[in-house]
Amino acid sequence: MSDIGLMNLKLKIWRQKNMTTKGKMVDYKLDGVSPDSSFLEMIDQLNEELVTKGEDPVAFDHDCREGICGMCSLMINGMAHGPESETTTCQLHMRKYKDGDTIVIEPWRARPMPVQKDLVVDRTAFDDIMVAGGFVDINVGSAPDANGLPIGKGNAELSMDAASCIGCAACVAACPNASAMLFVSAKVSQFALLPQGEVEKDQRVLNMVTKMDELGFGNCTNAAECEASCPKGIDISNIARMNREYLAASIKAH
Amino acid sequence: MSVTMCRRFSASIVKKQVVAFTGLFFCLFLVGHLVGNLLILVSPEAFNKYAHALVSNPAIYAIEAVMTILFLTHVVLALKLTRENRKARGESYHLKRNTGRGATFMSDTMPYTGILIFVFLVLHILKLKYGTYYEVTYDGLVIRDLFKTMVEYFRNPLNVAFYIAAMLVVGIHVSHGLWSAFQTFGFNHPRYNGFLRKFSIIFAMVVAAGFMVLPIFCYLQGAN
Ligand code: FES
């Protein structure tokens, strides 16, 4: 294989040993990166070099590498999942970069999601929010026949859109306030829009928002960086829905 | 109030809704304040009589008190939310960039424009409402000549420049704040979103430009 088009890159990567030590940005040089490799394959390549040299490889989260699991989570040159819209880090390709580029790679930053090691953050906070209300707790019977329940096309689509959230937390990372409103509102919406979830929607929104606040996420300022960074294109109309449902539910609650 | 109820009403969303409500109130106030003050273009007499009608209204103290409370609520809650937001990030990014598809200069600067407006308002009230007191007589009725105070104050071009800059800041604040308030109350509809965002910017620009007319007009009056 010829090496035409291979790139030499400068990388600045956050290295942190564990949750208790302080981390810092470390510079690396990586030569011979194929434009056809994915962003994660580029880090794999760096790690191979590091391991060969007997150094500690860079820890980062990944699983499916096809944009569906939500594990990959890198802040690339200041943007969650890199510069492309509706693209996860694993789906970002090195052809977006040029020979000689400097790439800054950091973990998500939010107090409720602390860094565990290098680029890996602990996203248990999202699970805690789901445990607080992200489920249907009434008997809705077994799987209904197709079209057995009359659900309008509009709501069905909105619910599916909200349910496409992969829980990657790019919304929190990109938000100037480290707010989790897009994630929580997507979960609230996906249930509230369907008859099975509608029954408990008031209690659900109250519990999930209370948990979100308790965990210490920031407050939404409608900057919409979350929507712009969401790899699944989930939009802030979900946040509006949660805002009005929270208001209605808290008035109804007594 | 039970503990759960307290918690419910101190929730992030409710705090934001209070900021949104008070903000919307002040958007309406801006319109009223502007329309009233534009009477200065009609005649000094019309303006002075309007100002007199306002301050001689027996309800004025109650109205001023309510407005002060709403204003302070807006400021205090917004500051509290901002502080929480700073804390929520924890360690800051080495490099953080906007995508260009979401946040704007207006949304990024809300706390700063807010603080500037607060400072401006204090000066504004001190220099004009509590500025030099002149009197004028219309049909045997002695009332305050606020027109004269204004013309005198804006004879200084620095004051004119300060007011114009302050109105720019108000415009920037309102252009994000207005549509943002609707979103916070849960009003978001694909058919009206585009309109609402444009309307916010146009509203902010018209109000800011309208208020800029006042110092410029007074300056020109003073120059004559
Ligand atoms: S690794 Fe699964 S979404 Fe990127």
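Naming: A, B, ... by sequence-line order, numbering from 1 per chain. Note that this is a predicted model, so its numbers are computed, not measured.
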What residue, out of A:Ala173, A:Pro107, A:Gly218, A:Ser229, has the most heavy-atom pairs lying under 4.5 Å from chain B? A:Ala173

Is there a donor-acceptor contact under 3.5 Å linking the side chains of A:Asp122 and A:Thr124? yes

At a heavy-atom distance under 4.5 Å, which candidate from B:Met110, B:Glu84, B:Lys16 has the highest pair count against chain A? B:Lys16

When heavy-atom pairs shorter than 4.5 Å are enumerated against chain B, which of A:Ile236, A:Val209, A:Val104 gives the highest number? A:Ile236

Contacting region of A:Asp235 [heavy-atom separation from chain B under 4.5 Å]: neither

Count the heavy atoms of every other residue, nucleotide or ligand shown that sit under 6.0 Å from CE of A:Met160, and state whether that count exceeds 12. no

Counting only non-hydrogen atoms closer than 4.5 Å, does B:Gln183 touch chain A with its backbone (N, CA, C, O), its side chain (CB onward), both, or neither? both

Atom group of A:Ser85 that falls short of 4.5 Å from chain B, counting heavy atoms: both

Taking A:Ile239, A:Val172, A:Asp213, A:Thr221 one by one, which has the highest count of heavy-atom pairs under 4.5 Å against chain B? A:Asp213

Any pair with a residue in residues 159-177 of chain A that passes salt bridge (charged side-chain N to carboxylate O under 4.0 Å, His left out), sequence neighbours left out, goes on the list, sorted by first then second residue, please. none

Whether the A:Asn18 and A:Thr21 side chains hold a donor-acceptor pair (N or O, under 3.5 Å, no angle test) is what I'd like checked. yes

If you count heavy-atom pairs under 4.5 Å with chain A, which of B:Pro190, B:Ser107, B:Gly100, B:Ala103 comes out on top? B:Ala103

Carboxylate-amine/guanidinium proximity below 4.0 Å for A:Lys211 and A:Glu214: yes

Heavy-atom distance under 4.5 Å to chain A: side chain of B:Lys15, backbone, both or neither? neither

Geometric class of the B:Phe120/B:His124 ring pair [parallel <30°, tilted 30-60°, perpendicular >60°]: parallel

Toward chain B, the part of A:Leu215 with a non-hydrogen atom under 4.5 Å: neither

Examine whether an atom of B:Ser12 lies under 4.5 Å from a heavy atom of chain A, and if so say whether it belongs to the side chain, the backbone or both; otherwise answer neither. both

Taken to the nearest 0.5 Å, the spacing of B:Leu128 CG from B:Leu146 CG works out to 7.0 Å

Please say whether more than 12 non-hydrogen atoms of neighbouring residues, nucleotides or ligands are located less than 6.0 Å from CZ in B:Arg83. no

Give the ring-plane orientation class for B:Phe118 versus B:Phe71, where under 30° counts as parallel, over 60° as perpendicular and anything between as tilted. parallel

Once the angle between the rings of B:His33 and B:Phe29 is folded into 0 to 90°, is it parallel (under 30°), tilted (30 to 60°) or perpendicular (over 60°)? parallel

Would you mind checking which part of A:Asn219 comes under 4.5 Å of any heavy atom in chain B, side chain (CB onward), backbone (N, CA, C, O), both or neither? both

Contact origin within B:His189 toward chain A - heavy atom pairs under 4.5 Å: neither

Do you know which of A:Met25, A:Arg111, A:Met79 has the most heavy-atom pairs with chain B at a distance under 4.5 angstrom? A:Arg111

If I measure from the heavy atoms of chain B, does A:Cys226 come under 4.5 Å with its side chain, its backbone, both, or neither? neither

Identify which one of B:Tyr219, B:Tyr163, B:Phe217 satisfies the ring pair (Phe, Tyr, Trp, His ring centres under 6.0 Å) criterion when paired with B:Phe154. B:Tyr163

If I measure from the heavy atoms of chain B, does A:Glu225 come under 4.5 Å with its side chain, its backbone, both, or neither? both

For chain A, find which of B:Gly102, B:Ser180, B:Gly186 contributes the most heavy-atom pairs closer than 4.5 angstrom. B:Gly186

Whether B:Phe182 and B:Phe187 hold their rings parallel, tilted or perpendicular, with breakpoints at 30° and 60°: perpendicular

Residue part contacting chain B, namely of A:Met181, when any heavy atom lies under 4.5 Å: side chain

Heavy-atom contact with chain A under 4.5 Å, split by part of B:Thr82: neither

